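For this chain, numbers begin at 1 and follow the sequence in order. Note that the coordinates shown come from a computational prediction; the quantities given were computed from them, not determined experimentally.
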Amino acid sequence: MEERPVPYPPSWMDRLIDRTAALPGPSWAAYLVAAIGAGVLANAAAWVDGYLPPGTFDLLLTSFAFYLVSGYAAIHNLDWAAARAWTIFRPATAMDAEAAAALEYRLTTMPAFPVLIWTVGGVLVGLVYLAGAYGQPFDLEGEPVTLVVGSALSALAFAGGGAFFYHTIHQLRLIGGLPGTIKRIDVLEQAPLHAFSSVTAVTGVFLLAGVYVNALTDPASFSNPAISATLGFAVVLAIACFVGPLYGMHQGIAAEKTRRLADVNERLSRALEALHRRADDGDLADADRFHDHLASLLAEREVIARTPTWPWDPGTLRGFATALVLPIVLWFVYRFLDQSLT
């Protein structure tokens, strides 16, 4: 069977993810090994430089374990989730097989050149970050091994972060355009329309995870106004990533709900007018039948009126809200108890 041509070549990140997926065992094990290795390596550099006792671990240095793998693992997970969501959503579209295959490819694969640009940009941001942390030019006298190792790990982490931010823009933009592919919206059968809410929710959760890890590991997170503002912006961005791409779907469902309600109200109005005419004429022979018909119309209107218009399941919304609120609540509880007991 001849393979269909792809819309564009895959990015270096997609090729790396494919190789990771081809490794023996589950993919998460590869990311776990990489994270542990990064955390140990960052702390070992500090042991060699002598400002951290050997065998002890600094929380901020250990956070390299998260930052190194988070961008790569997030893209891998989100592509898997998008492929699964597309399988559920596909029957609701009016696309032919070729167009559907091309859109699925775009949802799960990034183009090579833009990812390269964002990767270089991420590495440059990492260099600026290191320049701010160590001074410019870099001071190689006090902690040379830590600087070299930290620079290498930061470059990998910021490269993955740059690719992740482009992936977020690329994938969520495509999800936002999906309402235009739907052949017909059924407000009473919305399961296919809810499929991509899991993708947008997980995107937001990954952004929130970065905020929380930074807040837990960097003491300057709340004392430095710039860092605090950045973290606050990331929380707002996480919410926007969850809700924004689904707004078009929401509008489509809301419009169909309005149409269905208008239709049933018109039927109800005609039925009532017919009942009034028969009552005025003294013809009540079919009163029971009319009563049943009116009851069915009223029940239909009630069902449609109660139908939600946002394309997500209650469980998805609760999960995202928990990821958003619970860590903040726990942090305030911790701060309260810490101040009360000291």
Does Val236 belong to the same Ile/Leu/Val/Met/Phe/Trp/Tyr cluster as Leu172, with side-chain heavy atoms less than 4.5 Å apart forming each link?
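No.
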
Please list all pairs passing the salt bridge (charged side-chain N to carboxylate O under 4.0 Å, His left out) test where one or both residues lie in [range], with sequence neighbours left out.
{"range": "residues 304-326", "value": "Glu302-Arg306"}
{"range": "residues 71-80", "value": "none"}
{"range": "residues 262-274", "value": "Asp263-Arg267, Glu266-Arg270"}

Please report whether the ring centroid of Phe242 lies less than 6.0 Å from that of Trp312.
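Between Phe242 and Trp312, which both carry aromatic rings, the centre distance is below 6.0 Å.
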
Quick check on the 6.0 Å ring-centre criterion: do Tyr31 and His76 meet it?
yes

Tell me whether [X] contacts the main-chain N or O of [Y] through its side chain, where contact means a donor paired with an acceptor under 3.5 Å.
{"X": "Arg90", "Y": "Ala85", "answer": "no"}
{"X": "Gln190", "Y": "Pro308", "answer": "yes"}
{"X": "Thr181", "Y": "Gly177", "answer": "no"}

Mind telling me whether Phe196 and Phe89 have parallel, tilted or perpendicular rings, with 30° and 60° as the class edges?
perpendicular

What orientation do His250 and Tyr247 show, parallel under 30°, tilted 30 to 60°, or perpendicular over 60°?
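If you compare the ring of His250 with that of Tyr247, the planes turn out tilted.
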
Enumerate the residue pairs fulfilling side-chain hydrogen bond (donor to acceptor under 3.5 Å, both in side chains) with a member in residues 100-114, sequence neighbours excluded, ordered by first and then second residue.
none

Stepwise, does the side chain to side chain contact (heavy atoms under 4.5 Å, CB included) test hold for Ile75 with Met110?
CA-CA 10 Å; Ile75 294 172; Met110 297 180 290; 4.1 Å; yes

Closest contact, heavy atoms only, Val187 versus Thr307
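Closest approach of Val187 to Thr307: O-CG2, 3.1 Å.
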
Show the nearest heavy-atom pair for residues Trp86 and Leu178, with the distance to one decimal.
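Minimum heavy-atom separation between Trp86 and Leu178: CZ3-CD2, 4.0 Å.
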
Could you tell me if the side chain of Ser154 sits less than 4.5 Å from the side chain of Phe64, heavy atoms only?
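Yes, close enough: below the 4.5 Å cut-off.
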
Quick one: does Val69's side chain get under 4.5 Å of Leu32's, heavy atoms only?
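No, their side chains stay 4.5 Å or more apart.
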
Please round to the nearest 0.5 Å and tell me the distance separating atom OG1 of Thr62 and atom CG of Asp58.
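Rounded to the nearest 0.5 Å, the OG1-CG separation comes out at 6.0 Å.
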
Please name all residues satisfying ring pair (Phe, Tyr, Trp, His ring centres under 6.0 Å) with Phe165, sequence neighbours left out, ordered by chain then number.
none

Just to verify, what does Trp47 make a ring pair (Phe, Tyr, Trp, His ring centres under 6.0 Å) with, not counting sequence neighbours?
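Only Phe57 meet the ring pair (Phe, Tyr, Trp, His ring centres under 6.0 Å) criterion with Trp47.
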
Among side-chain atoms of Thr87 and Arg84, is any donor-acceptor pair under 3.5 angstrom?
no

